[in-house]
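Working notes, beginning with the structure itself.
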Amino acid sequence: MIVLEMLILVILALAIGVFFLGLSRKIMSRIHWRYGPPITQPIIDIIKLFNQDSVSHGSLFNFGIILSLAGSIVMVFFLPMGAMCPMSSSGGMLVILYIMLLGPLGLALSGGEAANPNISIGISRKFILALSYEVPLLLIFLAVMTHYGTISIVEIVKIQSANLWSFASLPLLLSGIAYLLILPALLGERPFELIKAPQEISSGPMAEYGGKFLALATLQHAFHTFVGISLFVNLFLGGASNPGYFFLKMLVVFILLIFVNAVFPRFRIDQAIKYLWKWPTLLAFIGLIIVVIVD
Amino acid sequence: MRELELYFGPQHLGMVGNFSITLNVEGDRIIKAASNPGYLHRGFEKLMEYRTWIQNFTLVCRINVIEPDSMELMYSMAVEDLAGIEVPERAEYIRSIYLELARIGSHLFGLWAYANMLGFDTVANWAMYHRDLILDLFEEITGARVYHMYIWPGGVRRDFPKGLKGRIVKTLHKIGSGVPDYDDTFFNSRLFYDRAKNVGTVTRKQALEMGAVGQVLRATGMKYDIRKIEPYAAYDKVDWAIPTREDGDAYSRIWVVRDEMIESVHMIFKLLDDMPDGSVYNRIPNPFKWKVPAGETYVRCESSRGELGLYMASNGGDKPYRVHFNTPSYSHGLTILEEVLKGESIADVGNIMMSLYIVAPEIDR
Amino acid sequence: MDRNQLTKWIKSPGNMGHKYSLDVVYFCTGCGIIEIPPSITARWDAERFGVKPVATPRQANLFLITGYVSVKTLKAVIRTYEQMQEPKFAVGFGSCPINGGMYWDSYNTVNHLDKYIPIDGWIAGCMPRPEAIFIAVTHLWTLIDKEIADGYKRYRDKYKYYRANQEKVLGELEWPPLFPEDDKK
Amino acid sequence: MNQELKKKINSSFPSAKISLPNESRVVIEVNRDAIISVLSFLKNMGYEHLSMVSCVDWIKEDEFELIYFLNAYMENDEEYGEIEKSTILLKTMISRKEAKYITAIGIFASAEPYEREIHELFGIYFEGHPRLTHLLLERDYEIPPFRKDFDTRKYVKEFYEEIPFVEDREEGKE
């Protein structure tokens, strides 16, 4: 039963993630005054990429991207989507915090094999960025955990459905805002698009990916988008009792994210660290203090 | 830390045109930069020695693709100077209006390149759309979108079509109505300020030493503009100002570009109002038998990127003996860029390059 | 447009994918830089056709060479083409790569680009309008459908000759052959 | 007025031939040894901007003509007087057979790429230039391409047109 649930969850997450990729391209086009590609374009891209030849730079190169993808998929199991959560009993937020680092790590392994200077710059940027958003993320998680007294996300969703959403309840408001601020960094959207930065370092870690590898990287991005947003919905927007309602909440957050993506250029890496360690960290810290005082 | 050699270009999304920079980097800092042009070298000046005076018009405009019109003007002015051809007054006005339109188009292209470089896709798309509106005007005036071959020795090829004045005003108003949007999303944006302020600074001393012209020089507070110093076409007949900034960094340069666009729009309105009637060209001799008297000349004008010069020598034949274009991107791209990139971050290479307004075909010729 | 025909997708997903998702690496050699931005931005929007610029040749399957190819560029063009993954398509944009265009007598531009790399289609004109790119793209779809956009196969088969031509212009090439001789059966 | 400028230069360099083709151009012809001293003299006079260095191949006279274009920078456009507005064309002749010259980088840093280009396209060697490597071209030509005795049309015919199409090669037309 759990296996079936897992399978459904992965497929759902993939569908939503890919849909979001298509939607973001469409909405961005409209903001650019363009017509935009059909919303199915990412699917076409992925089909094409799987049918294209690709060059491998060694076994570590192959392993890295698979590790990265696997890390993102595993995270999906720990996040309740509506009533579905195959791994509800084990782990929770701590596991997610842990697995989240697998994405950059996999890419780093993979990139280390291909001797392209753009990749090494991209990887170092990715790690620095990960380091800077992990700090506020940890503080936010701590605040949520202290407030609800549990590390299980299912429990947190349950409590929220009985009372208020944590985003609307005062002690966690600041933490919620802090999460929204780091969300673009988490997903690599502008203004934190500096990992890819096609105009600067030729799409960074992806520079040597072609064919299947790029397809896997796209899938990883889709899963990662799903995880980042669904975490916010679960922790702060009260989750949902059924997947449809959950999807609607995710959609709202995602569209907000795209609007931010559309109006900003990208930071330089030092500015990104400065920003992330200033505002989101400060907000998350104050949020944590408030939570500690109130409870 | 290990020193890496990084190639920026020639195939690179951030590279408008075909140009490459070899960077020696340590971590994120650039230690040494070497420009590497020549990907677009066609030997224009050599080819022009093989073509008759009139045939060369198809060639000159292709030297710079971003703004071909100032190249046409240069060539016409040099031929007029050598052959002693007068230009009617109306043609002077038409040339000015047309060149200012070209300047706005070119600046919008530059804005596209710069915004694109910073990842400002939205503004980039808008700028390109607005540039297309200007290209539509060009298409109406000359019949071509990009390479117009409109300016001619002795004037311009044909008069403005009927009712064009209204359409120019309408188009410029449409673009002008976008200025608040541009300001809100781009020019006054905090992130643009963060990315561009104190980046790629060319001090006035450096600028003077290394032969900077155009925006690079004007961004250091120098009011150096050939349109004022040595007025050509109808630039001395209307009143206009040279926009400048003081700091000499990328931020100042882009602001100068913005102010120049607005100044150009105002200038076009004034020129359109003052435009006299009359013929638009004086006849030139039969182009098949046309021989230009022996002699040499140096003419210069202010293109959208700075001072543009043309040295031309004729030995009295039906072809030029020697042509040499002095293009603004030359010193910007080869001398200043190498100097300015030292000590900057890799993320700012394209930022600096585009703010210096380097157009590769112009360097290579 | 048969982008929405499910039967075709099920029959040959790969073929359809190649058609409707053309990731372009623009090689803006000179004049081409002026008409590419309009075609990918607001006015013409190439993304409608699934044509999207990408950053590196590894990710691309369409190579757009926009303008004359000087000797120095030729080197970069060949390297870029060889880095792309099969199946790949190359399109020459403008008159100059076809036969030299107005630079036919220049000492530094190669006149016929298809002597050095296989080209699947040409867009004639100087400058072609942005619409021409889309006409070319739709033509390329037909070619892919009929499986005659086979430049990459030709390159594999006749690599010896292409390489010989390349060496004639560039002198000794500093990279090893893409398809070494003894590999062929 | 430019006549003043003429007098000033003539007093320091009596050998210089100065002509004024129109109100904003001054053409100074000096012999090849004097050019560096004239350049620094003019720089001190306020002509700080070296716009371009050009070269003409006068094949009949068997000489190269080097031309330095100098302009003045002023902070404000109203400061420009008659003298500052003019462009100076400083010329000198060097022999075609012994195409060697001295670099002007010491005085004008911006001369560097121009001299590099002239070295590449005309084959003139500049003594003291730090990097006379390839700038625009990828390979060497027998005669530097911008010299008048280099016929580009002939070159194209002999070089590019001779390369066969791949299809023709297969048919054995090699």
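The structure presented is a predicted model; accordingly, all values stated were derived computationally and were not measured. Just so it is clear: chains get the letters A, B, ... in the order the sequence lines come, proteins before strands, and each one is counted from 1.
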Does a sphere of radius 6.0 Å around [atom1] in [X] hold more than 12 heavy atoms from other residues, nucleotides or ligands, not counting ones at 6.0 Å or beyond?
X        : atom1 : result
B:Lys197 : NZ    : yes
A:Lys196 : NZ    : no
A:Phe61  : CZ    : yes

Enumerate by number any residue of residues 28-46 of chain A whose heavy atoms lie under 4.5 Å from heavy atoms of chain B; in the absence of such residues, state 'none'.
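Those residues of residues 28-46 of chain A which have a heavy atom under 4.5 Å from chain B are A:Ile31, A:His32, A:Trp33, A:Arg34.
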Residues of residues 183-191 of chain A under 4.5 Å from chain B (heavy atom pairs)?
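Listed by number: A:Arg190, A:Pro191.
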Checking B:Asp136 now: which residues fulfil salt bridge (charged side-chain N to carboxylate O under 4.0 Å, His left out) with it, not counting sequence neighbours?
C:Arg43
Contact class of [X] relative to chain B, heavy atoms under 4.5 angstrom:
X        : value
A:Tyr275 : neither
A:Ile269 : side chain
A:Gln271 : side chain

Are the side chains of B:Ile346 and A:Ile121 in touch, meaning some heavy atoms are under 4.5 Å apart?
yes
Residues A:Phe267 and B:Leu191: closest non-hydrogen pair is CE2-CD2, 3.1 Å
Test: side-chain hydrogen bond (donor to acceptor under 3.5 Å, both in side chains). Region: residues 340-352 of chain B. Which pairs qualify, not counting sequence neighbours?
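Every pair satisfying side-chain hydrogen bond (donor to acceptor under 3.5 Å, both in side chains) with a residue in residues 340-352 of chain B: A:Arg268-B:Asp348, B:Asp28-B:Ser345, B:Tyr114-B:Asn351, B:Arg195-B:Asp348, B:Asp348-B:Asn351.
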May I ask you to name which of B:Asp121, B:Val25, B:Thr185, B:Asp194 has the most heavy-atom pairs under 4.5 Å with chain A?
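Most heavy-atom pairs under 4.5 Å with chain A: B:Asp121.
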